[in-house]
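Counting from 1, the numbers follow the sequence of the chain as shown.
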Amino acid sequence: MTETKQMVEEMKGWIYAAAERIKMSLKNEQLEIETKSNRTDLVTDMDKDTQNFLSKKILAFDPTAKIMGEENGKDHLADLSGRVFIIDPIDGTMNFVLEAENFCIMMALYEDGIGKLGFVYDVMKDEFLYGGPAYGVYCNGEPVSLPENKSLDQGLVGLNHVMYRKDDYHVQAIGEIAMGVRMSGCAGYELINLAMGRRVAYISRLAPWDYAPGGVLIEALGLKMSNITGAKLQLADREVFLAGTVAAYEACLQLANS
Ligand code: IPD
Ligand code: CA
Ligand code: CA
């Protein structure tokens with residue numbers, strides 16, 4: 001087995017194990033829910049527990065690895081040199097709490113600032129997108145190829161609901177041109193949909209752990225992503241994120257900055 005294949009299998013194993021724990025918690029436990037920056041910014045004991053679980057697996061595998069994760073005070077990493085794992089233990093915590101579905105476990109592996117592997121697992125749908133530029137992209141074991149280069153008016157756009165309500169970056173006009181707008185509240189779900197050709201674009205205000213795992217995958221496929229002004233994403237603070245088919249990405253970029 002090549003080193004990359006071994007790494008992919010290893011990381012998939014950690015994520016499947018984490019997913020089992022999360023599903024058990026939904027059956028058997030009362031979630032402990034807290035708020036962070038505001039009343040809709042939720043964190044549960046399972047977000048923290050899952051990040052700890054994955055971090056332990058990472059450090060047992062490579063004690064020198066660096067970890068950036070949304071929870072447990074690990075959300076900043078100044079130095080991205082070497083092997084860096086980026087974790088969003090539960091992406092879509094609001095959905096996890098209120099819907100018990102439409103949430104993902106997500107992880108990325110970066111080496112010296114370059115995205116090598118990405119993993120986005122929609123736990124309840126059991127849809128797992130993973131891979132990277134040197135490995136290829138797979139969904140539940142099946143190879144995924146670049147979706148058709150549909151234009152903005154040929155498909156659905158995923159949007160952040162606050163941006164849509166406030167019409168940031170002319171997203172309402174973008175939505176008018178598209179076949180429709182979807183606001184799932186889960187970046188991972190949107191990026192799986194984009195990779196699988198079920199969206200033509202996705203725009204949201206995201207942190208590195210929201211976009212890095214899916215970002216590695218969509219770029220490996222040949223889809224486009226950047227911040228909303230077209231600049232490279234920095235893996236640092238929250239940025240307005242844009243991704244899409246080449247055609248829809250270009251159209252959104254132009255409309256957003258007009
Ligand atoms: C959130 C989701 C949501 C996006 C937010 C993220 P979380 O992640 O991905 O779709 O609009 O900006 O914070 O907090 O549930 O992991
Ligand atoms: Ca997230
Ligand atoms: Ca999260």
Least distance between heavy atoms, [X] atom then [Y] atom:
| X | Y | result |
| --- | --- | --- |
| Leu146 | Gly222 | CD1-C, 3.6 Å |
| Ala108 | Ala212 | CB-C, 3.9 Å |
| Leu217 | Phe119 | CD1-N, 4.2 Å |
| Ala195 | Leu221 | CB-CD1, 3.6 Å |
| Met46 | Ser25 | CG-OG, 3.3 Å |
| Leu194 | Ala201 | CD1-N, 4.1 Å |

Test item: [X] side-chain N/O and [Y] main-chain N/O as donor-acceptor pair under 3.5 Å:
| X | Y | value |
| --- | --- | --- |
| Tyr135 | Lys116 | no |
| Tyr211 | Met225 | no |
| Glu70 | Asp75 | no |
| Asp210 | Ala207 | yes |
| Asn227 | Glu239 | no |
| Thr50 | Ala18 | no |
| Gln154 | Ser151 | yes |
| Asn102 | Cys186 | no |
| Asp91 | Ala187 | yes |
| Asp122 | Asp126 | no |

Check the hydrophobic clustering (I, L, V, M, F, W, Y; side-chain heavy atoms under 4.5 Å; chains of links allowed) and say if [X] and [Y] are grouped together.
| X | Y | value |
| --- | --- | --- |
| Val162 | Val240 | no |
| Leu59 | Met107 | yes |
| Ile105 | Ile67 | yes |
| Leu206 | Ile90 | no |
| Met179 | Ile177 | no |

Are [X] and [Y] packed together at the side-chain level, in the sense that at least one heavy-atom pair is separated by less than 4.5 angstrom?
| X | Y | result |
| --- | --- | --- |
| Leu156 | Val200 | no |
| Val216 | Leu117 | no |
| Leu42 | Lys36 | no |
| Leu159 | Val157 | yes |
| Met124 | Lys23 | yes |
| Glu127 | Ile192 | yes |
| Leu191 | Ile218 | yes |
| Tyr249 | Leu223 | no |

Within the supplied structure, the quantity of interest is the number of heavy atoms (other residues, nucleotides, ligands) at a distance under 6.0 Å from [X] [atom1]; does it exceed 12?
| X | atom1 | value |
| --- | --- | --- |
| Lys12 | NZ | yes |
| Glu176 | CD | no |
| Lys66 | NZ | yes |
| Phe128 | CZ | yes |

Check salt bridge (Lys or Arg N to Asp or Glu O under 4.0 Å) between Arg182 and all other residues, then give those that pass, not counting sequence neighbours.
->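 Listed in chain order: nothing, the list is empty.
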Can you measure from [atom1] ([X]) to [atom2] ([Y]) and round to the nearest 0.5 angstrom?
| X | Y | atom1 | atom2 | value |
| --- | --- | --- | --- | --- |
| Met106 | Tyr189 | CE | OH | 14.5 Å |
| Ile228 | Leu253 | CD1 | CG | 7.0 Å |
| Ile114 | Leu109 | CD1 | CG | 11.5 Å |
| Arg39 | Thr35 | CZ | OG1 | 10.5 Å |
| His161 | Arg165 | NE2 | CZ | 6.5 Å |
| Gln51 | Leu54 | CD | CG | 8.0 Å |

Run the salt-bridge test on Glu101 and Lys125 with the 4.0 Å N-O cut-off and return the result as yes or no.
->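 No, Glu101 and Lys125 are not salt-bridged.
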Test salt bridge (charged side-chain N to carboxylate O under 4.0 Å, His left out) applied to Arg205 and Asp168, step by step = CA-CA 10 Å; Arg205 204 175 293 277; Asp168 289 343; 3.0 Å; yes
Which pairs pass ring pair (Phe, Tyr, Trp, His ring centres under 6.0 Å) with one or both residues in residues 37-95, sequence neighbours excluded?
->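 Pairs touching residues 37-95 that pass the test: Trp14-Phe61.
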side-chain contact (heavy atoms from CB on, under 4.5 Å) partner of Phe103, the single match among Ile22, Val97, Asp47, Asp88 |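 One option only clears the test, and that one is Ile22.
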Trace of the side-chain contact (heavy atoms from CB on, under 4.5 Å) decision for Ile87 with Ser55 | CA-CA 8 Å; Ile87 309 173; Ser55 300; 3.8 Å; yes
Begin with the C-alpha distance, continue with both residues' side-chain angles, and end with the deciding distance and a verdict on side-chain contact (heavy atoms from CB on, under 4.5 Å) for Tyr130 and Val137.
-> CA-CA 6 Å; Tyr130 57 89; Val137 177; over 6 Å; no
Under the criterion salt bridge (Lys or Arg N to Asp or Glu O under 4.0 Å), which of Glu34, Glu71, Glu32 is the partner of Lys48?
->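 By the salt bridge (Lys or Arg N to Asp or Glu O under 4.0 Å) criterion, Lys48 pairs with just one of Glu34, Glu71, Glu32: Glu34.
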Fit a plane to each ring of Tyr121 and Tyr16, take the angle between them on a 0 to 90° scale, and name the class: parallel (under 30°), tilted (30 to 60°) or perpendicular (over 60°).
->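 Rings of Tyr121 and Tyr16: perpendicular, as their planes differ by over 60°.
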Evaluate the criterion side-chain contact (heavy atoms from CB on, under 4.5 Å) for residue pair Tyr138 and Leu129; output intermediate values, then yes/no.
-> CA-CA 6 Å; Tyr138 293 81; Leu129 192 78; over 6 Å; no
Applying side-chain contact (heavy atoms from CB on, under 4.5 Å), run through Glu250 and Lys224 and close with a yes or a no.
-> CA-CA 9 Å; Glu250 294 297 345; Lys224 296 269 283 177; 3.9 Å; yes
